[in-house]
Amino acid sequence: MPDYDSEGLISAWAFDGQGGARRLSWEEVRGGCRVGDGSFVWISLQLMERRRQPWLQADAGIEPGIAESLTAEETRPRCLLFDSGAFLNLRGINLMPYSLPDEMHSIRFWVEPTRIISVRTHALSAVADFEDALARGRAPRTPGEFIADLSLRLVDRMDTVITTLAEQADELEENVFNMTLSALSPKVAELRRVAIILRRYIAPQREALNHFSIEDAAWLTGRDRNRLREAADRVTRFAEELDSVRDRAAVIYDQMVERRAEQMNRSMLILAVVTVVFAPLTLMTGLMGMNVGGIPGSDDPAGFWTVTVLATLSGVAMAVGLFRWARWI
């Protein structure tokens, strides 16, 4: 097992180029990790918040600009090709416990013919599964195969989350007229928010993988290039599905607005009916209730009930007429 220290070492592996791998200690990493023909090493580092990376910035033997790219706090997926190697920045969806579906954490790679340095900001389930495969004796034979394998594992995690988002959109579309607006609104907003966040990081990842696949290096075989293009194609499909989910969420939101407008119209209709019916009745009762002489029927014992019946019949007639008019329009 590697020796964990304050400089952020997570693990280090030496690959023999024949499908085998063994763990390295921190002392071996500091000693230079000498490897033979066809073999290479992988040094995995954790970006420590508000801490410098002395080994990476001073003793790793890489250019300061590359070290700065590896330790940058916020970066988008991209690929840069150099004479001595290639820099690749990818994003992965974390399926670790208590992780949110829209959490896409960065993992950066500096790839040389005999060494790979990776720096990540958070734990990633894809990397953990990759190390489990190494412990079981399933190791890549070249740095190109290493990047292709890990890229596909990152893409597999995206597939799980995006498929779940599409299923949630299906469910909301089916229940848009059955659920209450108070229950539907936050679900639609969350669906749209997650789709927008994932789309922002997934789209550039396609270009980064395609750019890396054209690297002119002996350690990148034709099979590795094809697998990298496959990962890029899948990322393209994910971006299209996220666009679809976002558009479907917008359609659901429009349907919610229509429902809310319909409810408001119905409420306004009821209010208008009440106003139209009771305004004349209020005027009638106000006139009949004036305490002045000459009120018709003031001396008739049945006058009160006569006015009551007339007012009731007038109100019912106006209400029926208004509702029929509302249906007609």
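Only this structure's heavy atoms are used, side chains among them; waters, hydrogens and symmetry mates stay out.
Taking CZ of R108 as the reference point, atom OG1 of T71 lies at 7.5 Å (rounded to 0.5 Å). For the atom pair R229 CZ and I214 CD1, the distance stands at 9.0 Å (nearest 0.5 Å). The distance from atom CG of D224 to atom OG of S213, rounded to the nearest 0.5 Å, is 10.5 Å. The distance from atom CZ of R206 to atom CZ of F238, rounded to the nearest 0.5 Å, is 13.0 Å. In this structure, R200 CZ and L242 CG are separated by 12.5 Å, a value rounded to the nearest 0.5 Å. Rounded to the nearest 0.5 Å, atoms CD1 (I196) and CZ (R193) are 9.5 Å apart.
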Exercise. Which is it for W110 and L70 under the side-chain contact (heavy atoms from CB on, under 4.5 Å) test, yes or no, and what are the steps along the way?
Worked result: CA-CA 8 Å; W110 170 247; L70 288 171; 4.1 Å; yes
For this session: Show your working on side-chain contact (heavy atoms from CB on, under 4.5 Å) between V111 and I147 and close with a plain yes or no.
Result: CA-CA 9 Å; V111 187; I147 296 297; 3.8 Å; yes
Problem set entry | Criterion salt bridge (Lys or Arg N to Asp or Glu O under 4.0 Å) on E230 and R227, from CA distance to verdict | CA-CA 5 Å; E230 177 188 353; R227 296 179 71 196; 5.7 Å; no
Exercise. What's the verdict on side-chain contact (heavy atoms from CB on, under 4.5 Å) for V119 and I107, showing C-alpha distance, side-chain angles and the deciding distance?
Worked result: CA-CA 6 Å; V119 180; I107 180 168; over 6 Å; no
For this session: Run the numbers on I197 and M104 for side-chain contact (heavy atoms from CB on, under 4.5 Å), then give the verdict.
Result: CA-CA 9 Å; I197 292 176; M104 292 199 70; 5.8 Å; no
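With 3.5 Å as the limit, one finds no donor-acceptor pair spanning the side chains of R120 and S118. There is a side-chain donor-acceptor pair under 3.5 Å between W13 and E131. Between the side chains of E145 and T221, no donor N or O sits under 3.5 Å from an acceptor N or O. Between the side chains of S69 and N89, no donor-acceptor pair of N or O atoms lies under 3.5 Å.
Taking the side chain as every heavy atom from C-beta outward, V188 and L184 approach each other to under 4.5 Å. Considering only heavy atoms from C-beta on, F87 stays 4.5 Å or farther from C79 through its side chain. Inter-residue side-chain proximity for L313 and V316 is flagged as unmet; no heavy-atom pair is nearer than 4.5 Å. The closest side-chain heavy-atom distance from F40 to R115 is not below 4.5 Å. Inter-residue side-chain proximity for I43 and I116 is flagged as unmet; no heavy-atom pair is nearer than 4.5 Å. The shortest side-chain heavy-atom distance between S11 and R23 falls under the 4.5 Å cut-off. In this structure, the side chains of D243 and R199 come closer than 4.5 Å at one or more pairs of heavy atoms. Residues L90 and S151 have side chains in contact (heavy-atom distance under 4.5 Å, counting atoms from C-beta outward).
The heavy-atom pair separating S125 from I93 by the smallest distance is OG-O, 4.2 Å. Here the closest heavy-atom approach between residue A217 and residue R225 is recorded as O-NH2, 3.9 Å. Taking each heavy atom of P113 and W219 in turn, the nearest pair found is CA-CD1, 3.5 Å. Considering every non-hydrogen atom in both I252 and E173, the closest pair reads CD1-CG, 3.6 Å. Shown here for P77 and A208, the closest heavy-atom pair between the two residues is C-CB, 4.2 Å. Between L150 and A126 the shortest heavy-atom distance is CD1-O, 4.1 Å.
With hydrogens and angles disregarded, no donor-acceptor distance shorter than 3.5 Å links the side chain of H122 to the backbone of H105. Checking side-chain atoms of N175 against main-chain N and O of E171 turns up a donor-acceptor pair under 3.5 Å. Checking side-chain atoms of Q46 against main-chain N and O of T121 turns up a donor-acceptor pair under 3.5 Å.
Heavy atoms from other residues, nucleotides or ligands lying under 6.0 Å from CD of E68 number 12 at most. In the displayed structure, Y253 atom OH is contacted under 6.0 Å by at most 12 heavy atoms of other residues, nucleotides or ligands. The local environment of CZ in R141 is sparse, with at most 12 non-hydrogen atoms from other residues, nucleotides or ligands closer than 6.0 Å.
Hydrophobic clustering (ILVMFWY, side-chain heavy atoms < 4.5 Å, transitive): L152 and F212 are in distinct clusters.
Between D149 and R153, at least one side-chain N (NZ, or NE/NH1/NH2) sits under 4.0 Å from a carboxylate O, which counts as a salt bridge. Between R234 and D156, at least one side-chain nitrogen of the basic residue sits less than 4.0 Å from a carboxylate oxygen of the acidic one, meeting the salt-bridge criterion. Salt bridge annotation for R237-E240: absent, with no cationic side-chain nitrogen under 4.0 angstrom from a carboxylate oxygen.
Taking F130 as the reference, W42, F146 meet the ring-ring contact (aromatic ring centres under 6.0 Å, His included) condition, with sequence neighbours excluded.
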